[in-house]
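Note on naming: letters A, B, ... go to the chains in the order of the sequence lines (proteins, then strands), and numbering restarts at 1 for each one.
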Protein chains: 2
Amino acid sequence: MRDGARATGAVARRRMAVGELAIWRALIDTTAELRRILGTQLLQETGLSPADYQVMLALSEANGRRLRSSELAAAIDWERSRLSHHLGRMEGRGLIRRDDCPTDNRGAEVSLTGEGAEMFRRATAPHMRAIKKHFADALTPEQFEALDDILRTLQSHLHPEPAVAPAASTKGESS
Amino acid sequence: MRDGARATGAVARRRMAVGELAIWRALIDTTAELRRILGTQLLQETGLSPADYQVMLALSEANGRRLRSSELAAAIDWERSRLSHHLGRMEGRGLIRRDDCPTDNRGAEVSLTGEGAEMFRRATAPHMRAIKKHFADALTPEQFEALDDILRTLQSHLHPEPAVAPAASTKGESS
DNA sequence: GAGATATGATTGACACGTCAATGAGATGGA
DNA sequence: TCCATCTCATTGACGTGTCAATCATATCTC
């Protein structure tokens with residue numbers, strides 16, 4: 001009786017279990033704490049905020065080490081206005097440059113300055129070490145495997161593949 | 001050979017594996033996306049931000065439904081100045097009140113207004129449904145169990161228990 | 001090629017978070 | 001009692017994030 005939904009195709013109408021809610025809260029709290037710890041350490045040791053690092057990582061991995069503003073926004077999944085504000089601040093600090101785009105006069109091409117590239121280079125190793133220390137060192141290979149599986153499951157739940165033949169979805173999400 | 005550290009007490013000096021870094025990024029990205037989705041929905045459906053909700057949840061669960069400002073900050077793990085700013089905004093919107101504390105003239109006692117309590121009450125069910133829909137419905141009981149284990153492991157790694165007899169730690173963390 | 005529309009990017013207003021400084025009251029020792 | 005010191009809470013400055021509005025250029029259609 002406790003599970004509520006029993007028939008195979010039944011819509012799961014039961015309320016969320018208290019344990020599930022507790023795990024949700026633990027997930028949010030723990031990841032927030034990890035972000036806070038690593039973000040503070042990154043800023044203090046390297047002068048770069050996590051946002052700076054994300055922008056510079058995308059640029060340093062880009063083809064030709066430069067990206068159109070909107071490509072950069074897509075690469076790191078930011079709103080364009082957020083990126084525009086942030087690039088303005090980073091430009092003011094001399095970390096990045098914005099040049100006119102040769103193929104589209106509306107657009108801008110963003111690239112690291114020499115100083116920015118050097119700062120990013122120096123930030124990488126300490127940041128990796130911090131992730132290892134506070135996150136990776138904690139978990140066993142089995143736990144990594146389980147976490148990988150969980151995250152893939154959550155991602156495919158958030159972004160269900162558009163079925164090739166959209167006849168009968170067994171997900172029960174719609175309706 | 002692949003694991004690098006073999007001797008039982010050896011300090012793990014190997015670099016983080018690329019797979020571990022990928023899982024770290026997936027963890028950060030996925031939780032950020034979940035927070036964004038749930039936060040947007042909460043705000044649009046109820047007019048409360050996730051921060052509002054957190055404050056109001058702590059107040060509604062508190063003994064006597066009121067808390068000293070610093071107790072509230074501790075309960076939700078916020079800096080006091082952040083809380084002070086946020087309470088100022090919430091007070092302006094009529095969600096909470098600050099009264100003088102009878103036992104300590106420095107302090108303030110925070111409580112929900114009638115309107116605030118009613119807004120929180122109305123926000124609860126939709127928010128729980130959203131967490132269920134986007135998070136809880138995705139995972140199997142086995143995945144919940146694994147996630148619970150992983151989060152507990154991460155927490156105890158972040159906050160190692162001060163050993164009763166602090167003689168020889170086998171953690172290998174220090175020096 | 002002229003006008004409607006779409007797109008790339010920026011801006012302004014405002015909510016939010018952090019840090020350092022401050023004010024105001026409690027506390028404890030001479 | 002008087003003063004140093006601690007704690008509670010707030011404030012101001014500034015960096016950050018979101019939303020709606022804007023501007024300029026590109027593109028599409030006739």
Note: B:Ala146 and A:Ala146 closest approach over all heavy atoms is CB-CB, 4.0 Å
List, with names and distances, any nitrogen or oxygen atoms from the protein found under 3.5 Å away from nitrogen or oxygen atoms belonging to nucleotides 1-5 of chain C.
none

B:Leu95 atom CG is separated from C:dC16 atom C1', nearest whole Å, by 15 Å
Answer yes or no: is there a donor N or O on one side and an acceptor on the other, between the side chain of B:Gln143 and the main chain of B:Thr140, under 3.5 Å?
yes
From CD of B:Gln54 across to C1' of C:dG17 the rounded distance in Å is 13 Å
Is a side-chain N or O of B:His157 found less than 3.5 angstrom from the main chain of A:Lys133, in a donor-acceptor match?
yes
Should the pair A:Tyr53 and A:Phe120 be assigned to parallel (<30°), tilted (30 to 60°) or perpendicular (>60°) ring geometry?
tilted
D:dA26 phosphate, OP1 or OP2: any side-chain N/O from A:Asn105 under 4.0 angstrom?
yes
Side-chain donor/acceptor of A:Thr31 to backbone N/O of A:Ile28, under 3.5 Å
yes
Taking A:Asp148 for the side chain and A:Glu145 for the main chain, is one N or O donor matched with an acceptor at less than 3.5 Å?
no
Check: B:Leu43 main-chain N/O paired with B:Thr46 side-chain donor or acceptor under 3.5 Å:
no
Between A:Leu151 and B:Met16, is there shared hydrophobic-cluster membership here, with clusters defined by ILVMFWY side-chain heavy atoms closer than 4.5 Å?
yes
Protein within reach of the bases, or only the backbone? For nucleotides 9-18 of chain D, mark each nucleotide 5' to 3' as B, S or -, using heavy atoms under 4.0 Å.
BBBBB-SBSB
Without decimals, in angstroms, what is the distance between A:Asp100 CG and C:dT10 C1'?
14 Å
Name the residue closer to the 5' end of DNA chain D, choosing between A:Asp104 and B:Asp104 according to the nucleotide with the nearest heavy atom.
B:Asp104
In whole Å, what is the span from the CG atom of B:Leu48 to the C1' atom of C:dC16?
16 Å
